[in-house]
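As structure tokens, the structure follows; a few thoughts come after it.
Both counts, for ligands and for their atoms, begin at 1 and track the order of listing. The figures that follow rest on heavy atoms only: side chains count, while hydrogens, waters and symmetry mates do not.
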Amino acid sequence: MTISDCLRPVALGALILLAVCPSGAMAAAGTAASEPALIPAPASMQRNEGSFVVDPATQVVALDPQARAAAEQLAGFVAKSHGLKLKVRDKNGANKGAIHFRIDPKAAGESPESYTLEIDPQRAIVSARDPRGLFYGAVTLWQLLPPGEARALSLPALRIDDTPRFAWRGLMLDSARHFQSVDQIKQMLDAMALHKLNTFHWHLTDDQGWRIEIKRYPKLTEVGGCRIPAGDGGVDASDKPKPYCGYYTQEQIRDVVRYAAALHITIVPEIDVPGHATAAIAAYPQLGVLDTPPVVSNEWGVNTNLFNVEESTFVFLENVLGEVVDLFPGAYVHVGGDEAVKDQWKASARVQKRIRELGVKDEAGMQSYLIKRLEKYLVAKHRRLIGWDEILEGGLPEEATVMSWRGIEGGIAAANQGHDVVMAPSSELYLDYLQTDSPNEPPGRPATIPLKQVYAFEPVPATLATDKRSHILGLQANVWTEHMRTFARVQHAVFPRIAALSETAWSPVQKKDWEGFLARLPTQLQRYQAMGIGYAQTPFEVRSTLVEDRKRKSVEVSLSNSLGYPDIRYTTDGSEPSVGSTAYKGPFSLALPAELRASVFVDGKPLAKATDRELDAASLLTRSDEELAMCTGALMLRLEDDGPIEGERAIFNADIFNPCWEWKAADLDGIASIEVRAGRLPYYFQLAHDEPSRKFKQAKSANGELEIRAGCDGELLATVPLPAAPDADGFVTLKTPLKAVAGPQNLCIFFTGDTRPAMWVLDRVTLRP
Ligand code: ACM
């Protein structure tokens, strides 16, 4: 069988089976043109012969009023993606074959979200017991329409019987660190629904902002809804403080809840206690432990401010939850519980007295007491409490559900204690973590979580006893937004990794197939384009690796794509690569100067914007921060500059524990001097108990110095005193002769001294002959 056989259905009478391809062949060949590119893959699909044509005359019929919404929603999707307006009818008209939506109390499937979709050349029928099932049937039917084609739309004849694997298919969005508009929240809900996700966890309060209107406590949003961002981002043109503000009114929240409900998405609001509480305490200082009231934080990391444990504070929290419960009709309320370092409680005589009065063992017991009290309140309101896995410490409330984020261990422990669990491990499902090592990656947290890793995550641990497995309600990806100033960045983080999440959340485990997913993904990208979703380009970029030959003024170029899509086309004269450009077959030698541009192609279309590299003798002697290693081997953070307030800002890879960058095996033959361009960021991090890990090299002069060594503990090759401040553009360029050393050296470039509240960061380093 050739690869093209893999793309062709094999006819066996009326049944059409997809030819089984060797692993990798589907992806290797691009999309499987005849396999419906459904994401998430349905539980069961049988292809039949023929197709059903959808054109402007095709009606969508819903006889039952309960089926009307899904019919309307299908028409809405098709209008948006294809510009085709289908009429929705509550009567079976005499026209040609129609698309029918039917509530059928006897429909198959274990869940109210199950549905059946039958398509033959005469008609398409979606049937389900419940409107939820009909909605997911509408999503599948929409995905079967070839994206991007406004005319000649046809649906393949088939039968799909589909049902979700997990009841909790979630996405968390942090609206506290950065705020999204109501329209942006709705766009995210739309996109979740198109991935068959059903739970939106809304992180509404944190140290850096309180984003939900609480009528009884207006200062929560008046004061807690604003912060002064660190550095240049927090001052206007005349150097006056410029606050960053935002909150959702109760009316807006009701609107969002209704919008989500129509998409069969439940919203789980989060009010984080007892930590991540600085914004609330800034609004009402009597809620805090310290005598000095804090301001709403403009620093990332783990803040030490906790709510105090007075009866009046418990009542405040119950009153807040009372309004929250009135706004959000879903079963669950999330009360946080994460990262509440207990330093303030330990140091406070008043908190210690309360611990004794309440008869709890220690600070963990105190947190557990608080969470149990909130559970009692929520249960009385017919709600269920969910919290981050720290709520295990000191003992779980009776009916609590645990969201396991520090790995899956908390989830396993909770399930073993008979509690329900949602798996959301930071190591696999935190979408603020970088997704590739591309220099075009926007800011984010370290540890790269590529698409494949999200796809590979299995939420039911093999070590969990069989009788405890039903406690795993499902899984959730979390989008923390410290580094997402714009909604475009949120979209970059979420798409396409949400597609990988959705397949684990929905499809039966035996249907999971990474190569098959890769083959279906290009069609999903076309859907994103049709729906205006700004997905990440970086996973689809072409990466170039160079081996330099300085003497010959040439480089050997290797090209690759992180997902392994094989059809790479390139040009070397700066022109846009097309499907007719040179196909990459293996490493090639390129004479300099040249401008290398490359794209990955599937079905004749590029998957991402072409990568572009200008190569000449000077560029070979230059490295950007992205091309250097962190001296400790870790990329701690990818950070953006603090200004300008709006628009593009410089981005730096920096280790905030040890500001040092390494150019491995730099060829220093014939090099006389070095030039370092450095930027400066605010040092806006609270590290709590990680504080002792900071390793600043001792400074020798007032502002510290730039130090360059051969090997991080090796010979000092150059040192230059740093200025007190950068130039007006935010950068400084430091030039210095370099002590002569021969051959390849690991150049380590440090900024010495503790320069807080600012931090020098390397932007670019250039060697000069
Ligand atoms: C968390 O990431 N602090 C739950």
Side-chain angles (χ1 to χ4, degrees), residues 168 170-178 199-211 268-280 297 299-307 332-343 364 367 370-371 374 385-394 396 400-414 419 421-434 443-447 449 453-454 457 459 473-484 490 493-494 497 501 636-637 684-690:
W168 187 300
L171 182 77
M172 187 218 77
L173 181 61
D174 168 8
S175 295
R177 272 54 175 273
H178 282 102
T199 307
F200 177 59
H201 168 176
W202 204 359
H203 185 77
L204 287 164
T205 72
D206 216 304
D207 297 307
Q208 298 83 3
W210 183 284
R211 307 278 176 229
V268 178
E270 181 184 350
I271 305 294
D272 206 340
V273 309
H276 292 284
T278 307
S297 180
E299 296 178 305
W300 313 131
V302 177
N303 207 293
T304 51
N305 290 314
L306 299 189
F307 284 116
Y332 286 91
V333 175
H334 201 301
V335 297
D338 57 321
E339 298 181 314
V341 292
K342 306 294 188 302
D343 301 8
Q367 173 159 331
L370 168 62
I371 302 287
L374 296 182
L385 178 147
I386 181 166
W388 300 109
D389 57 56
E390 287 93 332
I391 66 169
L392 278 152
E393 294 158 16
L396 280 177
T401 298
V402 169
M403 189 168 271
S404 191
W405 74 278
R406 296 174 301 172
I408 56 170
E409 289 70 23
I412 293 173
H419 288 260
V421 168
V422 176
M423 289 296 193
S426 59
S427 53
E428 321 297 315
L429 298 183
Y430 268 31
L431 301 189
D432 55 324
Y433 282 39
L434 301 169
R445 290 206 280 174
I449 303 185
Q453 195 171 334
V454 176
F457 175 65
L473 300 182
L475 71 165
Q476 177 174 297
N478 294 336
V479 186
W480 300 103
T481 58
E482 286 93 330
H483 306 292
M484 296 180 203
V490 174
V494 171
R497 287 186 290 188
L501 176 89
M636 294 311 292
L637 287 168
Y684 42 17
F685 309 99
Q686 285 287 329
L687 300 178
H689 294 172
D690 289 330

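Taking the six-membered ring where the residue is Trp, Tyr332 and Trp168 present perpendicular rings, their angle passing 60° and hence far from 30°. Using cut-offs of 30° and 60° for the angle between ring planes, the Tyr430 and Tyr433 rings count as perpendicular. The aromatic rings of His203 and Trp480 sit perpendicular to each other, their planes meeting at more than 60°, with 30° as the lower class boundary.
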Short N or O separations between ligand 1 and the protein, below 3.5 Å:
unit_1: ligand 1; atom_1: 2 (O); unit_2: Tyr430; atom_2: OH; d: 2.6
unit_1: ligand 1; atom_1: 3 (N); unit_2: Asp338; atom_2: OD2; d: 2.7
unit_1: ligand 1; atom_1: 3 (N); unit_2: Glu339; atom_2: OE1; d: 3.1

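Looking at residues two or more places apart in sequence or on another chain, you find a salt bridge (Lys or Arg N to Asp or Glu O under 4.0 Å) between Glu482 and Arg177. When the salt bridge (Lys or Arg N to Asp or Glu O under 4.0 Å) test is applied to Glu393, the partners found at least two apart in sequence or on another chain are Arg406. Under the rule for a side-chain contact (heavy atoms from CB on, under 4.5 Å), the partners of Val341 that lie at least two apart in sequence or sit in another chain are Val302, Thr304, Asp343, Ala688, His689.
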